[in-house]
Each structure stands twice: as C-alpha cells, then as structure tokens.
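What follows is a set of notes on a single structure, which appears directly below.
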Amino acid sequence: MFYRPPTRDISFVLHELLNVVDPLRIEDLDRETIDQVMDAAGTFASEIIAPLNSVGDREGCSMPAEGVVKTPSGFKAAYDKYVEAGWPSVSCQPEHGGQGMPIVVNNALFEMLCGANMGWSAYPGMSNAAYTCLAANASPEQKKMYLPHIASGAWAGTMCLTEPHAGTDLGLLRTRALPQSDGTFSVTGTKIFISGGEQDLTDNIIHLVLARLPDAPPGVKGISLFIVPKFIVAVDASLGTRNAVTCGSIEHKMGIHGNATCTMNFDGATGWLLGEPNNGLASMFVMMNHARVIVGVNSIGLMEAAYQKALAYAKDRTQGRAPSAATRIGAADPIVAHADVRRMLLTQKAYIEGTRAFALWASQLIDLQHHSADPAERAQAAELLALATPIVKAFSSDLAIECISMAMQVYGGHGYICENLVEQHLRDARIIPLYEGANGIQAMDLLGRKVVTDGGQRLIAYLQMISAFADSQADAVGMQEISTALSDVVALAHRVTVEVSQRARNNADEVGSAAAPFLRLVGHVSLAWMWARMAAIGLANQESEDKIYASKVATARFYFQRLLPEVHGLVLAISAGSSCVMEPEVDWL
C-alpha cells in the first residue's frame, strides 16, 4: 500500500473542532469548498506522488554535469501536474494570482503531500515559505516581479542561511554583499544544506540569502537579506542571463533522497536587498517561523503514513494465539488481537490525531493574526502563535521519530526491510528534529524567550484558557474524568512555570537544563486540551453512525490514561535543576 489521505479526520479538525470558516469571513469560503479542496489534494497525494516515494528514495538526485541537478524519475512530471492543477497558489493572495485560501487549509494540504512523499513535497514547501517571506518584506516592485511566478509554481524559492562554520549561530556568517553602482549587490559566499538549491522542476529559483554589508555591525544585528535569482529577471519579468550562483554538490544524507539538498556557491552573484539593511534576520524569521509550523505538519504526515502501514500489517499478519479463546480464529490470529500491538497502534493514533489538531489550531492562529477584523483577537493570536510554534515543530517531530519507530516495531523484523516501505519514513523523518533550528533550540526558545522573559505570564494566560475549558466540562456527561485530569496537568504546568522562571533568574544554566522536558510537558498539556475538546465533540455525537465520534472518545481515554501520565516524570526532571547536568566534568562525559 502507498498512502490513504486522512481527509475525514482533517475535515473533523477543520470544521467540527476549529470551525475555520466563520472567524475569517472570507467571501465564497465554506465547508463544502474546503472539503472539495482536501479531497482533490488527497487524490493528488495518493495517486500522483505517493507512488514516487520509494522511487525517489532509491534513485535520489544526481548531477549529470557540473552544477546541474536531475531529480528522480517522475518528479518533474508530477510537479507539472501540481502546477497545472493550481496547487502552488492555494494560500497565495489573489493580487499575485493566488486563490486566497486560509493558511490552515494550505497546511492541511502539505500534511498529505508530505505523508505521501516528503522528498518531493519539500520543493513546493520551500517555495511556499519563500512566498511568505517576500510577501511580508518585499517592496511593491519586488512583489510584482517575483510573487506571481512563485504563486503559479513557475519559479521556486529557497532559504539560504547555514554556512559550513555557522549553523544555529548566524552571527558568525561570512557571506558578503558589496554595493554596486546600479543599486544591486555582489553576493559572495557558500551556503550549505539548501533544500531545492538546484533542480530541474522550475524555470527559475529565487534564493533568499543572508549576507553582511561592508559596514555592518558584528553579530546578528549586522545581517541583511538579499534576493538572488538563478536567472536575472528583466523588468518585463522575462529571464535573462544566468546569475553567478551554482550548486557545488548534493549532500549524501540519511533520508529524503528525492530532495536535492545542496551546497550553493555565490561568486559575486547579483542580488537585491530585501527589506531594510541589517534587519535581515528579522525578515528571514518570517520564513523560518512559517517553515517551523510546516515541518511540524510534515512530521504528522509521516507518522500517519507509517501508522497506516503498521495498522494494515497488524490486521493481516497472523502470529501467535489471541489471549482470549473467544477471539481466536485459527492456528494463529492477527497480531492486532495482542494487547501490546494494540498499545503501539493506539499510541501512534493518539499522537497523530492530537498533534494534527494542535498544528492546525496553530495554523488557524496565523490566519487570525493577519485577517481577523478584531484587533484584540489579532494580538491574542500572535501571542498564542509565539508559544505554539516551537511546540508544533519540536514536539510533533520528536513524537514522529517515536511513532514511526513504533510502526516498525509492529512489523517486527519485516519493518526493517526496505520493501515494506516503513523504514524510509523513519529515515526521512529524522531530519525534522534538526530542521529550522534543532529541537533543543526550539525548547530554549519556548522556555528562555517566551516564558522566562515575562515571568511566565504569557504561558500562564494560555494555561488559564485551557483551565477554563476544563472547568466548562466538569459537569458534562462522560467528561468528568477527562476534565479533572486536564485541570490537574494544567495546575502542574502552572506550578513548574513559576518555579523554573524564578530559578532561571539566578542560574544561567537553568533554561538549557530544563528546556527539553519543559517543552514536552507543555506539549502534553496542549495535546490533552485538544483531546478533551475532541472527546466532548465525540460524546455530543455518540448516537451518530459515523464511527469517528466513538473513535475520538476511545482514543481520548487512552491518551489520558496511558500517555498523559508522562507529565509527572517530566515535572520531576524539571524540578531537579541544573546541577546534575552541569557539575560533571567534561572529561567524564
């Protein structure tokens, strides 16, 4: 099997949990339209790009000539169909030729694309992020020149940050941009790990490059952002001469072989300043934060794809006798009858559907931040999104590694064999905890920048919002156990937030020591909130013949009883402080 798009569950989240249509008041946008888009996207994902997933893994990208990159067989044809169907423009603005759909719809689309084929979907995914950055920072002339072509899919985009000597610490970057007499800049330097840096899918590639001006102050305050196209674009938007930017090599990596991850050499390439001088990092963070949500969504797609395979295998594979004689069907029974296999499958299901709900809620915040008619709602959405982004990225991707590994475990030894297609999902997913700032950086961003800096007030307000929902369900039929457990973990998180914020004022190592378990703790509280909300909907529709409602209630109970208790161990780890981490000598490690 390849991939079955989870359109019913996505529809449940978009409409029954989040009610994405009403708050935005977008003309001609309704549930039926969104569901039609999702159904069509699911068909494209399952029928066009899913069959290419293992092809891309086997073939990888190649360089038939110096600086020339060839993508795997079928990738170009699939991309042409993607463009022809108008998929690149789904969330782009109408003035650029886009369809103006909400970001939350676009991100649900990308979950399915990535679940079907992560290597292929990384190309349009990065272009979508580049569109977001240009739309937020470009001049009117630059928008007119570049955005319609990226929205149509004719041109691609990249994000060029990392250098061989400078990863997360961008203040160390050495790429230079020298002003030219015509107002352009000569950009020189080397960037590594550039997804889609060179490919044969599009007519042009618009590189967004961080570099330093000659008089720039040191550190991150001296970084500017530049537009450096593969082909120089004329005033009439026609393509001119080839720019001095080339692919030096393709990285040989663990997974996503179908995506060209390139070393890019800029040798006096012509570039145009994007935004204000020395404000490039702030401009690029628009793209990075967009990408952090997207890659979190991608990890959910990969979890879903692996789970589907594991579930199908568990229903088909006969091994051992079912513990209950009443359920035995022969000399051996399907392994789904065994409690430990069911535990693994339910764990995957609970984490997939919980993170999907939370990631799409965060995506809805992006839409509300930009399009709500209420200024207070826009401000609240921005505050909540700042908290949600590192959780979507880091918690979802950490769980993806755990869940896909669990899917392999369901297969037993057969999961380790390439022909069963599960091990590729694990290799592909392993990059996501490293993408766009490794997960440790995400955790320190949450705790250090988003919590400690204001004494935990922003997070406490979020926790109070969750607590209010728990209180509202305290007397609802069937919800008492869930609402009580939700209230309890909110109280734990509140207490720990106050404690760690206080300790961090006097100990510089406190944030780094506590950050990872703290993010996981807040992640669990967030998923518990989503599962409580989904359980309430399920209970309200328990008479329905649609099995999704009973499934939501049962999975919520599993999550609360078997997965959420992890928070108690996380609280103990956070409360232990930093001494056990920092006191051992480096030579003892």
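Computed from a predicted structure; not experimentally measured.
With no hydrogens or angles considered, a side-chain donor-acceptor pair links Asp398 and Asn439 at under 3.5 Å. No hydrogens or angles considered: a donor-acceptor pair under 3.5 Å links the side chains of Ser73 and Glu59. No side-chain donor from either of Lys230 and Thr202 sits under 3.5 Å from a side-chain acceptor of the other. Of the N and O atoms on the side chains of Glu251 and Thr263, at least one donor lies less than 3.5 Å from an acceptor on the other residue. Judged purely by distance below 3.5 Å, without hydrogens or angles, the side chains of His290 and Asn128 pair a donor atom with an acceptor atom. Side-chain contact of Gln424 with Ser54: a donor-acceptor pair under 3.5 Å is absent, judged by distance alone. A donor-acceptor contact closer than 3.5 angstrom is absent between the side chains of Asn265 and Thr246. Residues Asn243 and His207 bring no donor and acceptor atom of their side chains to less than 3.5 Å of each other.
The minimum heavy-atom distance linking Cys418 with Glu423 is given by the pair SG-OE2, 3.4 Å. The shortest non-hydrogen separation linking Thr7 to Met38 is CG2-O, 3.7 Å. In this structure, Pro23 and Gln364 approach most closely via the heavy-atom pair CG-NE2, 4.3 Å.
Under the 4.5 Å side-chain criterion, counting only non-hydrogen atoms from C-beta, Lys76 is in contact with Asp80. At a threshold of 4.5 Å between non-hydrogen side-chain atoms, the residues Asp9 and Lys552 count as touching. For the pair Trp120/Val55, no side-chain contact is recorded, criterion being any heavy-atom separation below 4.5 Å from C-beta on. For the pair Ser46/Phe2, no side-chain contact is recorded, criterion being any heavy-atom separation below 4.5 Å from C-beta on.
Within 6.0 Å of the CD atom in Glu377, the count of heavy atoms belonging to other residues, nucleotides or ligands exceeds 12.
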Check your understanding: Step by step, would you call Arg58 with Glu419 a salt bridge (charged side-chain N to carboxylate O under 4.0 Å, His left out)?
Key -> CA-CA 11 Å; Arg58 289 193 308 269; Glu419 67 190 50; over 6 Å; no
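Below 30°, between 30° and 60°, or above 60°: for Phe44 and Trp87 the angle between ring planes is between 30° and 60°, a tilted geometry.
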